[in-house]
Amino acid sequence: MSAVVGQTGQLRRSVTGVHVFTGEASSKSEALRIAHEVYDAALAAQQAGLEVPGKQAGGWGARGLRPDWALDWQAAKAGPWHDPYSWLNQEPFEL
């Protein structure tokens, strides 16, 4: 599963993008819950001056953290992850 979370820049509201969290989960709701927990742990570590944790149980992790961005968890989506850059992928990526 993966969780895709939209974000907006706090400093520049016109800037938008997405964060993609990937790892193992048995349901979409579990994927969103774990993604949120991983993000919260990474943000707390960064704010405490610690290294952002690597991959956690189930392969979940947060890299490229942008603490000045606000994630829109209400609009977050989850579903099976298909790597858009995989040579096995023959169709456009859509979650």
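This chain uses plain numbering: 1 for the first residue, then up along the sequence. Computed from a predicted structure; not experimentally measured.
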How far apart are the closest heavy atoms of [X] and [Y], and which atoms are they?
| X | Y | result |
| --- | --- | --- |
| G79 | K28 | CA-CE, 4.3 Å |
| Q46 | V52 | CB-CG2, 4.2 Å |
| F21 | G61 | CD2-O, 3.8 Å |
| A78 | L32 | CB-CG, 3.9 Å |
| P53 | A45 | CD-CB, 3.9 Å |
| W60 | A31 | CH2-O, 3.7 Å |

### Query
CD1 of I34 to OG of S27: how many Å apart, nearest 0.5 Å?
8.0 Å
#### Entry: Aromatic ring pairing H36/W73, orientation class (parallel under 30°, perpendicular over 60°, tilted between)
parallel
